Participant: 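The structure is given below, and queries will be raised subsequently.
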Amino acid sequence: MTVDDSADVLSVALAAHWKQVVDPRALGSTVTSAMNAATMQALAEHVERPVAEEPPASSIPPQDGSRITPAEATRLMDAVTADLERFKQQVAEVIDRSVTAESRGGHVRGTAQRGQVLDIAIDPAWAHTARNSELEQELLEVLRALRARSAPTDLAQGPQSPAIAELVALVSDPNTLLRRVGLLP
């Protein structure tokens, strides 16, 4: 298995003579183990990498420095709270369910949850006679689908909304924030 930094599957390669080492009926569990090991390795490398300091990204233009009224602050906090609740619901729906995928050829099926492959089932009769390239293609198709369905990249970015971006822009400079709410001259 080859995965990128985010554990997305880039390629699957079977050893040329895998059939002499692995029974075709056990190939699914071998692929499951290899996929989860590759994912864990990618995540471990990601965690060990030093974090680069990046300025907070904001789609909100710089504020004019005018005072923030209590009504504006309440509106912003209500919007951020609603956006965070929606995000929490989306995450819960993904985390709490198992996803399945099947290759277009119908010979490979899999199940995953929370980005972890739980099971890969491969038709053993087909696996015994299929070319490695056919096996690799159907495995790659299923593994990519499982990854996309069980760990959507849009959720990995964290909660995103105009209200959240506005709040981040406000709190990124505490002195300006304190002036805008009237606590500093």
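None of the values given here were measured: they were computed from a predicted structure.
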Participant: Got a sec, which residues hit salt bridge (Lys or Arg N to Asp or Glu O under 4.0 Å) with Asp23, two or more places apart in sequence or on another chain?
Facilitator: Arg25
Participant: Are Leu14 and Leu27 packed together at the side-chain level, in the sense that at least one heavy-atom pair is separated by less than 4.5 angstrom?
Facilitator: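 Leu14 vs Leu27: side chains touch.
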Participant: Scan for salt bridge (charged side-chain N to carboxylate O under 4.0 Å, His left out) pairs involving residues 128-143, sequence neighbours excluded, and state none if there are none.
Facilitator: Arg104-Glu141, Arg131-Glu134
Participant: Taking all non-hydrogen atoms of both residues, which atom of Ala127 and which atom of Ile122 are closest, and how far apart?
Facilitator: CB-CG2, 3.8 Å
Participant: Please examine the side chains of Val9 and Met35, heavy atoms only from C-beta on, and report whether any two atoms are closer than 4.5 Å.
Facilitator: yes
Participant: For Asp5, give me all partners under salt bridge (Lys or Arg N to Asp or Glu O under 4.0 Å), at least two apart in sequence or on another chain.
Facilitator: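 Checked Asp5 against salt bridge (Lys or Arg N to Asp or Glu O under 4.0 Å); matches are Arg49.
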Participant: Applying salt bridge (Lys or Arg N to Asp or Glu O under 4.0 Å), name anything that partners Arg97, two or more places apart in sequence or on another chain.
Facilitator: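 Scan of Arg97 (salt bridge (Lys or Arg N to Asp or Glu O under 4.0 Å), adjacent residues dropped) gives none.
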Participant: Can a donor-acceptor pair be found, under 3.5 Å and without considering hydrogens, that links the side chain of Arg147 to the backbone of Ala7?
Facilitator: yes
Participant: Check salt bridge (Lys or Arg N to Asp or Glu O under 4.0 Å) between Asp123 and all other residues, then give those that pass, not counting sequence neighbours.
Facilitator: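 Asp123: no salt bridge (Lys or Arg N to Asp or Glu O under 4.0 Å) contacts found.
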Participant: For Thr32 versus Ile120, what's the shortest heavy-atom pair and its separation?
Facilitator: OG1-N, 3.2 Å
Participant: Enumerate the residue pairs fulfilling ring pair (Phe, Tyr, Trp, His ring centres under 6.0 Å) with a member in residues 101-123, sequence neighbours excluded, ordered by first and then second residue.
Facilitator: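 Pairs touching residues 101-123 that pass the test: His107-Trp126.
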Participant: Is Asn132 reaching over with its side chain to a backbone N or O of Ala15, donor-acceptor style, under 3.5 angstrom?
Facilitator: yes
Participant: Other than Leu43, what residues sit in its cluster of Ile, Leu, Val, Met, Phe, Trp and Tyr side chains whose heavy atoms are under 4.5 Å apart, directly or through others?
Facilitator: none
Participant: Is it the case that more than 12 heavy atoms not belonging to Lys19 sit under 6.0 Å from its NZ atom?
Facilitator: yes
Participant: Quick check: closest heavy atoms across Ser150 and Val99, and the distance to 0.1 Å?
Facilitator: CB-CG2, 3.7 Å
Participant: For a 4.5 angstrom cut-off between non-hydrogen side-chain atoms, does Leu76 reach Leu170?
Facilitator: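 Side chain of Leu76 against side chain of Leu170, heavy atoms only: contact under 4.5 Å found.
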Participant: Looking at residues at least two apart in the chain, or sitting in another chain, which of them share a side-chain hydrogen bond (donor to acceptor under 3.5 Å, both in side chains) with Asp78?
Facilitator: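 Residues passing side-chain hydrogen bond (donor to acceptor under 3.5 Å, both in side chains) with Asp78: none at all.
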Participant: Who are the side chain to side chain contact (heavy atoms under 4.5 Å, CB included) partners of Thr2, not counting sequence neighbours?
Facilitator: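 Here the qualifying residues are Leu10, Ser11.
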Participant: Can you list every salt bridge (charged side-chain N to carboxylate O under 4.0 Å, His left out) pair that touches residues 37-47, not counting sequence neighbours?
Facilitator: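 Salt bridge (charged side-chain N to carboxylate O under 4.0 Å, His left out) check on residues 37-47 returns no pairs.
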Participant: What residues form a side chain to side chain contact (heavy atoms under 4.5 Å, CB included) with Ser98, not counting sequence neighbours?
Facilitator: Thr111, Gln113, Leu118
Participant: Only counting residues at least two apart or in another chain, list the ones meeting side-chain hydrogen bond (donor to acceptor under 3.5 Å, both in side chains) with Arg86.
Facilitator: Asp83
Participant: Answer yes or no: is there an ion pair linking Arg180 with Glu72, defined by an N-O contact shorter than 4.0 Å?
Facilitator: no
